[in-house]
Amino acid sequence: RGRAAGMTSASAERVFVGLGANLGDARATLASALQALDDHPAITRVATSSLYRTAPVDAIGPDYLNAVAELRTNLSPLELLQALHAIEADHGRLRAHLNAPRTLDLDLLLFGDREVDHPVLTLPHPRLHLRAFVLEPLAQISPDLAHPRLGPLRDWRADTADQTIARLP
């Protein structure tokens, strides 16, 4: 787990990021992405869920490996999004078309209780409550987490019961 120099938990925002990959060696890619988060001077990784194997949702291609990381950062939401996109690019992420298979996907899910409506970023993530690959790992590392508008996220898990997901050892 990374520790950002000089950053205190009192001054840093609590953030959740979803990680996913379904091309190449997804397990190695996710481990490398987590290391890249750890190496960033303005990010501290607090917790990481287990890996989950999931079928693609609204997409085609191989199964994904997914996880969620809880971070602390003093970056703004847009600065963090830029850092996430840089990590994706470093891992060969191409944005060929919507929901295309990918070497790495880093989604900014929640940024404290902030609500952001910006052309390149919507917070909370607009579909996080509809995705088992987000809700299950979130429940593992923060079972009482609440969405600023939708309330406790555990209340949404039953709605995703038809989505294929398996926690990996």
Side-chain angles (χ1 to χ4, degrees), residues 1-4 12-40 42-73 75 80-81 83-96 98-111 123-147 150 152-169:
R1 293 191 182 150
R3 182 63 51 197
E13 194 96 38
R14 185 179 190 207
V15 175
F16 291 88
V17 172
L19 300 93
N22 74 335
L23 293 178
D25 185 345
R27 188 179 292 264
T29 298
L30 294 180
S32 178
L34 289 167
Q35 185 61 54
L37 289 170
D38 290 346
D39 292 343
H40 194 288
I43 297 171
T44 300
R45 182 163 46 115
V46 176
T48 306
S49 72
S50 298
L51 292 178
Y52 290 79
R53 180 173 304 284
T54 63
V57 176
D58 298 331
I60 58 170
D63 284 353
Y64 278 84
L65 289 188
N66 292 98
V68 169
E70 179 181 348
L71 313 174
R72 298 290 186 278
T73 187
L75 296 172
L80 180 57
L81 182 65
L84 297 178
H85 284 174
I87 293 169
E88 288 178 341
D90 288 346
H91 288 83
R93 168 75 187 264
L94 301 175
R95 297 178 185 274
L98 185 65
N99 295 329
R102 55 206 64 170
T103 56
L104 180 63
D105 187 26
L106 299 174
D107 285 332
L108 188 46
L109 302 172
L110 291 160
F111 202 105
L123 287 172
H125 190 287
R127 293 174 303 283
L128 75 90
H129 64 291
L130 304 174
R131 307 289 199 231
F133 64 81
V134 171
L135 293 175
E136 293 305 314
L138 274 174
Q140 181 190 351
I141 62 173
S142 188
D144 296 323
L145 190 63
H147 186 287
L150 303 176
L153 285 169
R154 68 177 165 269
D155 295 349
W156 293 88
R157 289 172 67 197
D159 292 346
T160 64
D162 62 334
Q163 296 175 25
T164 303
I165 184 168
R167 185 172 167 178
L168 300 179

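The first residue in the sequence is number 1, and the count goes up from there. Quantities reported herein were computed from a predicted structural model and do not represent experimental measurements.
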Practice task
Using distance alone, with no hydrogens and no angle criterion, decide if Ser142 and Arg14 have a side-chain donor and acceptor under 3.5 Å apart.
Solution key: yes
Exercise for the section: Give the minimum heavy-atom separation between Leu135 and His129, together with the two atoms involved. Expected result: CD1-O, 3.4 Å
Exercise for the section: Flag the pair Arg45 / Thr73 as yes when at least one side-chain heavy-atom distance between them is below 4.5 Å, and no otherwise. Expected result: no
Exercise for the section: Show the numbers, then the answer: is there a side-chain contact (heavy atoms from CB on, under 4.5 Å) between Leu37 and Leu84? Expected result: CA-CA 8 Å; Leu37 289 170; Leu84 297 178; 3.8 Å; yes
Problem - From CA spacing to verdict: side-chain contact (heavy atoms from CB on, under 4.5 Å), Thr160, Arg131 - result: CA-CA 6 Å; Thr160 64; Arg131 307 289 199 231; 5.8 Å; no
Practice task
Give the minimum heavy-atom separation between Asn22 and Pro62, together with the two atoms involved.
Solution key: ND2-O, 3.0 Å
Handout entry: Inter-residue atom distance Glu70.CD - Thr44.OG1, 0.5 Å rounding
Key = 11.0 Å
Handout entry: Gly20 backbone acceptor or donor facing Asp105 side chain under 3.5 Å
Key = no
Problem - Donor-acceptor contact below 3.5 Å, side chain Thr54 vs main chain Phe133 - result: no
Handout entry: Side-chain heavy-atom pair Ile141, Val68 within 4.5 angstrom cut-off
Key = yes
Exercise for the section: Would you check if the side chain of Gln163 reaches a backbone N or O of Ala55 as a donor-acceptor pair within less than 3.5 Å? Expected result: no
Problem - Nearest heavy atoms of Ser32 and His91, plus distance in Å - result: OG-NE2, 2.7 Å
Exercise for the section: Could you point out which residue of Ile87, Leu19, Val17, Thr29 forms a side-chain contact (heavy atoms from CB on, under 4.5 Å) with Leu34? Expected result: Leu19
Exercise for the section: Would you mind reporting whether Ile43 and Val15 have side-chain heavy atoms less than 4.5 Å apart? Expected result: no
Practice task
Would you check if Leu65 and Tyr52 make a side-chain contact, meaning some heavy-atom pair closer than 4.5 Å?
Solution key: no
Handout entry: Minimal non-hydrogen separation, Leu110 against Pro124, with atom names
Key = CD2-CB, 3.5 Å
Handout entry: Reported NE2-to-CG distance for the pair His125 and Leu109, which is rounded to 0.5 angstrom
Key = 6.5 Å
Handout entry: Any side-chain heavy-atom pair of Arg27 and Leu168 under 4.5 Å
Key = yes
Practice task
Find the distance between CD (Glu13) and CG (Leu80) and round it off to the nearest 0.5 Å.
Solution key: 10.5 Å
Exercise for the section: State, yes or no, whether a side-chain contact exists between Leu138 and Phe16 at a heavy-atom distance under 4.5 Å. Expected result: yes
Completion exercise
Taking every heavy atom of Arg154 against every heavy atom of Pro143, the minimum-distance pair comes out as NH1-O, 3.5 Å
Handout entry: Gln140 side chain reached by Ser50 side chain, heavy atoms, under 4.5 Å
Key = yes
Exercise for the section: Output the distance between atom CG (Leu51) and atom CZ (Arg167), rounded to the nearest 0.5 Å. Expected result: 10.5 Å
Completion exercise
Output for pair (Leu30 CG, Gln35 CD), nearest 0.5 Å, gives 13.5 Å
Practice task
Under the side-chain contact (heavy atoms from CB on, under 4.5 Å) rule, what do Glu88 and Thr103 come out as? Steps first, then yes or no, please.
Solution key: CA-CA 8 Å; Glu88 288 178 341; Thr103 56; over 6 Å; no
Practice task
State, to 0.1 Å, how close Pro137 and Ala67 come at their nearest heavy-atom pair, and which atoms those are.
Solution key: CB-C, 4.3 Å
Exercise for the section: Flag the pair Leu128 / Leu153 as yes when at least one side-chain heavy-atom distance between them is below 4.5 Å, and no otherwise. Expected result: yes
Problem - Rounded distance (nearest 0.5 Å) linking atom CD of Glu136 with atom CD1 of Ile165 - result: 5.5 Å
